[in-house]
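One structure is given below, encoded as structure tokens.
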Amino acid sequence: MRENKRKGEGIGASGEAEAAGKTGTPGGLADRQGPVRKSGAAFLRELLRVAAYPLLLAVTVAVAAGALVRHWEPSRVSPLFLVGTLLYLTALERLIPYEPRWHPSRREWRWYGAYFLMTMVGSAFAQFLVTSGVGLLSPKEPVLPLGAEIPAALLSGSLVSYAVHRLGHTNPLLWRLHGVHHVPQKVNVANNGVNHVLDIVLAQGLVQLVLVLVAFSRESVLAAGLFVAAQGYFVHANIDVRIGRLNHLLASPEQHRLHHSTDLSEAGHYGSDLSCWDHLFGSFTWRPGRAPEAVGLSDPTSFPETGEFLASLLHPWRSAKRGGHGTT
């Protein structure tokens with residue numbers, strides 16, 4: 001009798017569920033809403049993958065235009081814009097990650113924060129030198145129309161940045177500075193700040209020095225600098241974004257992950273803002289679907305681990321060891 005009762009209860013329950021599904025009661029609606037919610041979330045993620053980069057570019061242009069029209073102080077605009085960019089890309093890393101295993105652990109966040117502060121110190125020092133130079137050497141009014149001067153400043157700075165970055169990989173002495181950045185076996189926004197402070201001073205100082213010597217105006221340097229800052233963190237972001245044919249003009253996360261590859265045959269892409277120089281000088285290795293098997297150093301023992309903060313700072317003055325990542 002109990003068995004029959006259970007069967008009867010089961011038939012009744014399934015019948016009620018079937019009826020609920022047919023009559024549109026809450027039980028049936030929930031069954032149908034599950035896939036809808038999932039498909040809705042998938043749609044939003046896909047929309048983010050498509051819109052994330054155009055939105056970043058649009059905001060960059062809007063901020064640059066606002067700074068030029070309203071004469072905002074560069075020393076205030078640049079840091080605020082950088083913070084906003086970091087928050088935006090960090091959020092995207094959670095919403096549309098390329099590799100979830102590349103999210104920083106709590107321990108890594110602490111180390112990345114320490115390096116980021118050192119990077120900001122180096123950047124501020126280089127910026128101070130440049131700002132002083134721009135104030136002394138640059139004309140009070142742009143010599144060319146800003147529509148021509150801003151692209152010229154961007155191309156000039158980008159070319160110097162490409163050259164310095166490539167030298168950082170091919171010159172053994174400079175590699176001992178720059179290699180600190182390639183130690184992490186992840187690529188994300190947070191560890192974009194993992195750098196040797198002297199590498200930052202040298203790289204950014206040389207770029208800014210060229211802009212001063214060419215006598216670009218403060219306005220063009222600010223506008224180009226905002227774009228370079230946005231691109232620099234965008235390409236390092238752990239986000240599943242593809243920019244298609246724009247890869248042949250602009251740098252992207254797809255390219256920069258290859259730059260960090262342990263396979264030196266594909267580790268080109270020294271441009272972090274424009275990719276035209278990689279094309280011109282034969283270091284462009286990206287193609288649709290190409291991705292690194294692993295990132296980091298080809299010889300992890302050639303540098304101290306990222307957590308060894310003091311050892312990383314002192315590494316350039318210790319005895320050299322062959323290997324690593326700087327032979328491309």
Side-chain angles (χ1 to χ4, degrees), residues 104 107-130 157-210 228-229 232-233 235-236 256-264 267-273 277 281 283 292 294-328:
R107 185 166 176 266
E108 287 171 334
W109 270 114
R110 291 195 294 269
W111 287 117
Y112 294 167
Y115 279 99
F116 179 78
L117 290 176
M118 291 297 294
T119 294
M120 290 299 100
V121 168
S123 180
F125 181 69
Q127 190 66 38
F128 169 76
L129 296 177
V130 176
S158 177
L159 177 58
V160 176
S161 177
Y162 173 91
V164 173
H165 192 182
R166 187 158 187 168
L167 280 173
H169 281 261
T170 56
N171 181 279
L173 180 60
L174 295 180
W175 169 247
R176 292 176 67 74
L177 294 173
H178 183 65
V180 171
H181 178 68
H182 284 266
V183 172
Q185 296 177 342
K186 304 175 178 180
V187 179
N188 53 49
V189 167
N191 64 26
N192 189 37
V194 175
N195 300 287
H196 196 287
V197 64
L198 293 182
D199 187 36
I200 294 299
V201 172
L202 179 65
Q204 295 193 12
L206 285 174
V207 170
Q208 302 288 355
L209 178 62
V210 168
V228 169
Y233 280 92
V235 301
H236 220 275
H256 204 69
R257 285 190 286 266
L258 289 170
H259 174 70
H260 279 262
S261 175
T262 56
D263 179 357
L264 302 186
H269 297 289
Y270 302 105
S272 59
D273 39 45
W277 309 119
F281 298 111
S283 52
V295 297
L297 297 169
S298 57
D299 178 9
T301 65
S302 60
F303 276 80
E305 294 183 5
T306 299
E308 300 177 57
F309 186 72
L310 184 59
S312 295
L313 292 178
L314 297 177
H315 178 74
W317 292 274
R318 295 184 175 179
S319 59
K321 179 178 179 180
R322 295 182 62 83
H325 192 98
T327 57
T328 58

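Remember, it's a predicted structure, so these values are computed and weren't measured experimentally. Along the sequence shown, residues carry numbers from 1.
Within the 4.5 Å cutoff, the side chain of Arg176 has no heavy atoms near those of the His196 side chain. In this structure, Leu159 and Val210 have side chains that are not in contact, with every pair of non-hydrogen atoms separated by 4.5 Å or more. Looking only at side-chain heavy atoms (C-beta outward), Phe281 and Tyr270 stay at 4.5 Å or farther from each other. Inter-residue side-chain proximity for Leu198 and Pro316 is flagged as unmet; no heavy-atom pair is nearer than 4.5 Å. Side chains of His182 and Trp175 form a contact here, defined as non-hydrogen atoms less than 4.5 Å apart. Side-chain atoms of Trp277 and Arg166, non-hydrogen and from C-beta on, never get closer than 4.5 Å to each other. Residues Asn188 and Pro104 meet the side-chain proximity criterion, which asks for heavy atoms closer than 4.5 Å.
Heavy atoms only, all atoms of each residue included: Val235 and His256 are closest at O-CB, 3.3 Å. In plain terms, the two heavy atoms of Ser302 and His315 that are nearest each other are O-CE1, 3.2 Å. The heavy-atom pair separating Ser261 from Asp263 by the smallest distance is OG-N, 3.0 Å. Closest of all the heavy-atom pairs between Tyr112 and Pro184 is OH-CB, 4.2 Å. Listed here is the closest heavy atom pair of His178 and Gly168: CB-O, 3.9 Å.
The OG1 atom of Thr262 sits 11.5 Å away from atom CG of Asp299, with the distance rounded to the nearest 0.5 Å. Rounded to the nearest 0.5 Å, atoms NE2 (His169) and CG (Leu264) are 10.0 Å apart. Atom CG of Leu297 is separated from atom NE2 of His260 by 10.0 Å, given to the nearest 0.5 angstrom. Within the model, atoms OG of Ser312 and CE of Met118 stand 11.0 Å from one another, a figure rounded to the nearest 0.5 Å.
Other residues, nucleotides and ligands place no more than 12 heavy atoms under 6.0 Å from the CD atom of Gln185. More than 12 non-hydrogen atoms from other residues, nucleotides or ligands lie less than 6.0 angstrom from CD of Glu308.
Considering only residues two or more places apart in sequence or on other chains, His269 meets the side chain to side chain donor-acceptor pair (under 3.5 Å) condition with Gln255, Thr285. Remark: Trp111 pairs with no residue by the side chain to side chain donor-acceptor pair (under 3.5 Å) rule, at least two apart or across chains.
Remark: side-chain polar atoms of His181 are paired, donor with acceptor, to backbone N or O of Val194 under 3.5 angstrom. Side chain of Thr119 to backbone of Gly193: a donor-acceptor contact under 3.5 angstrom is found. Side-chain atoms of Asn191 come within 3.5 Å of backbone N or O of Lys186 as a donor-acceptor pair.
Between Thr306 and Tyr115, the side chains place no donor N or O within less than 3.5 Å of an acceptor N or O (distance only, hydrogens not considered).
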Using the rule given for side-chain contact (heavy atoms from CB on, under 4.5 Å), can you reason through Ser272 versus His165, listing the C-alpha separation, both sets of side-chain angles and the distance that settles it, and then say yes or no? CA-CA 9 Å; Ser272 59; His165 192 182; 5.5 Å; no
Hey, mind stepping through Asn195 and Val180 against side-chain contact (heavy atoms from CB on, under 4.5 Å) and telling me if it holds? CA-CA 6 Å; Asn195 300 287; Val180 171; 5.9 Å; no
